[in-house]
Visitor: 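Pasting a structure here, questions to come.
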Amino acid sequence: DGGITQSPKYLFRKEGQNVTLSCEQNLNHDAMYWYRQDPGQGLRLIYYSQIVNDFQKGDIAEGYSVSREKKESFPLTVTSAQKNPTAFYLCASMRGKGTEAFFGQGTRLTVV
Amino acid sequence: AQSVAQPEDQVNVAEGNPLTVKCTYSVSGNPYLFWYVQYPNRGLQFLLKYITGDNLVKGSYGFEAEFNKSQTSFHLKKPSALVSDSALYFCAVGGRQLTFGSGTQLTVLP
């Protein structure tokens, strides 16, 4: 089945640690996105990539980093510089302008 | 800049009654508008979109949305609500980057 797979579903991070969230898609979509979801705030864009080896900052990129070495993969690293990382993280992909986004099932990150 | 507003955090409706979830938008040029639904601890699922054409757009699970250019609105509607429609609904605008509203929690009461 075609789709987007995020892993892990739940992730716990200690203070000062970097953690990486995985996002893989087999839809052959060029564009991929990372969103952060907090209660009552909707989805906020962290980073996006329109093509392999290229990515741009979204609205809340500070404390996060990404890479896009393969079309299928768009991992997100939450660094120790992100002061409030506890949130639900969603990865998405789109085929092109004006097309619907496909979402993964999300990763819930908790700082312990 | 593009933006979306969902003025209601919570909408309650009785099963079998019609439902409306409101959305207004701001964008330069012609809008690409979307509705998504989210169930607890899950990703978003696409319901419907407006690009051009008829102002009434039909989507999944019996949902439809009415595009009103003069009021810059794109309200989600369903003629007869089901308990299983209870979920978090998001309106979004954009072409290559989507901007989402803050979401509306719909509760359908049996």
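Letters A, B, ... are given to chains in the order of the sequence lines, protein chains preceding strands, and every chain is numbered from 1.
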Visitor: Is it the case that more than 12 heavy atoms not belonging to A:Ile51 sit under 6.0 Å from its CD1 atom?
Guide: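 Open.
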Visitor: Counting heavy atoms not belonging to A:Gln17, are there more than 12 under 6.0 Å from its CD?
Guide: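 Yes, the 6.0 Å shell around CD holds more than 12 heavy atoms from other groups.
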Visitor: Is the number of heavy atoms from other residues, nucleotides or ligands within 6.0 Å of OH (B:Tyr61) greater than 12?
Guide: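 Result for OH/B:Tyr61: open.
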Visitor: More than 12 non-hydrogen atoms from neighbouring residues, nucleotides or ligands closer than 6.0 Å to CD on A:Glu69, yes or no?
Guide: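 Not more than 12 within 6.0 Å, no.
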Visitor: Compare every heavy atom of A:Phe103 with every heavy atom of B:Leu44, then report the nearest pair and how far apart it is.
Guide: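 Answer, listing the atom of B:Leu44 first, then A:Phe103: O-CB, 3.5 Å.
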Visitor: Where on A:Glu100 is there a heavy atom nearer than 4.5 Å to chain B: the side chain, the backbone, both, or neither?
Guide: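 Both backbone and side chain.
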Visitor: Identify which part of B:Gln6 has an atom lying under 4.5 Å from any heavy atom of chain A, answering side chain, backbone, both or neither.
Guide: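 Looking at B:Gln6, nothing touches chain A.
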Visitor: Within a 6.0 Å radius of atom NZ on A:Lys71, are there more than 12 heavy atoms belonging to other residues, nucleotides or ligands?
Guide: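 More than 12 heavy atoms, drawn from other residues, nucleotides or ligands, come within 6.0 Å of this atom.
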Visitor: With a 3.5 Å cut-off and sequence neighbours excluded, list the donor-acceptor pairs that the side chains of residues 26-37 of chain B form with protein atoms.
Guide:
from	atom 1	to	atom 2	distance (Å)
B:Trp35	NE1	B:Phe74	O	2.9
B:Tyr36	OH	A:Ala101	N	2.9

Visitor: Is it the case that one hydrophobic cluster holds both B:Val4 and B:Val21, taking links as side-chain heavy atoms less than 4.5 Å apart, direct or via other members?
Guide: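 Yes; tracing contacts between hydrophobic side chains, which count when under 4.5 Å, links both residues.
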Visitor: Please name the pair of heavy atoms, one in A:Leu90 and one in B:Arg42, separated by the smallest distance, quoted to 0.1 Å.
Guide: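 Heavy-atom minimum between the residues: CD2-O, 4.4 Å.
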Visitor: Out of curiosity, does A:Phe88 fall in the hydrophobic cluster containing B:Phe90 (side-chain heavy atoms, cut-off under 4.5 Å, transitive links)?
Guide: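 Yes: a chain of side-chain contacts under 4.5 Å links B:Phe90 to A:Phe88.
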Visitor: With a 4.5 angstrom heavy-atom cut-off, which part of A:Phe102 approaches chain B: side chain, backbone, both or neither?
Guide: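 Neither part, no heavy atoms under 4.5 Å.
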Visitor: Using a heavy-atom cutoff of under 4.5 Å, enumerate the residues of residues 91-104 of chain B that contact chain A, numbered in order, or state 'none'.
Guide: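 B:Gly95, B:Arg96, B:Gln97, B:Leu98, B:Phe100, B:Gly101, B:Ser102 fall under the 4.5 Å cut-off.
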Visitor: Evaluate side-chain contact (heavy atoms from CB on, under 4.5 Å) for A:Gln37 paired with B:Leu88, printing each intermediate quantity in order.
Guide: CA-CA 12 Å; A:Gln37 184 177 16; B:Leu88 186 59; 4.0 Å; yes
Visitor: Kindly check if the number of other-residue, nucleotide or ligand heavy atoms within 6.0 Å of CG (A:Asp54) is above 12?
Guide: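 Yes.
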